[in-house]
Amino acid sequence: MVMDRRRDAGHRLRMPARRRRSILALASFLLLAACATAPEPAHRWSLVVHGGAGVIERASLTPEVEAQYRSAMQRALTTGGAILDRGGSSVDAVEAVIREMEDDALFNAGRGAVFTAEGRNELDASIMDGRNRAAGAVAGLTHTRHPISAARAVMERSRHVMLIGEGAEAFARSQNLEEVDPSYFFTERRWQQLEQNLRANNLPIPQRPANAPRAPQATLTYPDDHQFGTVGVVALDASGNIAAGTSTGGTTAKRWGRVGDAPILGAGTYAQNGVCGVSATGTGEFFIRVGVARDICARMEFRHESAQQAADHVIAEVGATTNASNEAGDGGVIVLDGRGNVAWAMNTPGMYRASQSAGGAPVVQIFADEQ
Ligand code: ASP
């Protein structure tokens, strides 16, 4: 009886050759399909940088100025890439690149920041670590040389996420961060932009800041970058950790302690391992209202959109949002996905931007139509 049953089972296992061939064909088809839809292998490291968005057009950019911006963006890739390539952390790469850009008068961050209507430089910055979504932000700094390092100190050495004004400065001092005389941030180019803006709006022009250099430091052959020039960096390191950071002087002739999106986590900056990292630049009010950085990450996490799809969608939303004066939002974003794929989007004629991944060639672009 038992023997019979076994024989019976054995018989059932012996399948006709034709049936076996079709099962084999189906299995190889499924395997091929799985390979075709499998995600690209992750990059060992990736880096994407912006230096602000705005009305940056070929006609308004002399070859010399264009070359200055392109080499500053290339320098940012070299600095960040070296850290990531030797296995350094994404937080270290983001801070190092932004510190360098804060020292570069080309950008509206640290030295070279735009002026408030009262003729001051008030600096904002934020940083986020995608490992655990730790974050730090500062707003309204006037003496701290590197606002991004103050933001990092808030993230790593305080129980808080955001500090402003005098208190933020006192905290930075307590952490031995370098302080400078406010005249360190002064550039003639930004002062002239302030005077033009105030004159156009019939507002009084303040005294030149004490200790401001007398001789013009720069001629005004720079593009009307719509007063932007904020800097931002997103990095993925060899351990798979994503970090993002943003630093800015805000917008020219800002008043009343105005703060934009750059130090607002979820608006100007966001990072979440395995999902995304984002840094934004543009008219901050719209970026805060749309919740740009978090919205891009949420679309990628929950709707499984690619970084490019999510960036395009959210920048279109910014452009479709208007304020009480019927102005629409403008600016751009840089994005990394969890595997280090790069995306950027903007609705302005240009955005200084650059990217590189391990073993890949650097990409540096300025104009919106550059491929
Ligand atoms: N988003 C910044 C702000 O509104 C400005 C900029 O990106 O240039 O403060």
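Each ligand, and each atom within it, is numbered from 1 in the order the structure gives. Just so you know, these numbers use all the heavy atoms, side chains as well, and skip hydrogens, waters and symmetry mates.
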Element-labelled atoms of ligand 1 that are located less than 4.0 Å from some non-hydrogen atom of [X]:
{"X": "G282", "answer": "1 (N), 2 (C), 3 (C), 4 (O), 5 (C), 6 (C), 7 (O)"}
{"X": "G229", "answer": "8 (O)"}
{"X": "G250", "answer": "5 (C), 9 (O)"}

With distance as the sole criterion, is a donor-acceptor pair present between the side chains of [X] and [Y] under 3.5 Å?
{"X": "E327", "Y": "T322", "answer": "no"}
{"X": "Q193", "Y": "N197", "answer": "no"}
{"X": "E317", "Y": "H313", "answer": "yes"}

N/O to N/O below 3.5 Å, does that happen between [X] and ligand 1?
{"X": "A280", "value": "no"}
{"X": "T230", "value": "yes"}
{"X": "G260", "value": "no"}
{"X": "T281", "value": "yes"}
{"X": "D261", "value": "yes"}
{"X": "R258", "value": "yes"}

Report the distance from atom CG of D104 to atom CZ of R99, rounding to the nearest 0.5 Å.
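So the CG of D104 and the CZ of R99 are separated by 14.5 Å.
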Between CZ on residue R294 and SG on residue C276, distance to nearest 0.5 Å:
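Here the rounded value is 7.5 Å.
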Cationic N near anionic O, under 4.0 Å, D124 to R258:
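Result for this pair is no, no salt bridge flagged.
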At under 4.0 Å between heavy atoms, is it the side chain or the backbone of H50 that contacts ligand 1, or both, or neither?
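It is neither; nothing of H50 touches ligand 1.
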Sort and list the pairs that fulfil ring-ring contact (aromatic ring centres under 6.0 Å, His included) and have at least one residue in residues 111-161, not counting sequence neighbours.
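Found F115-F186, F115-W191.
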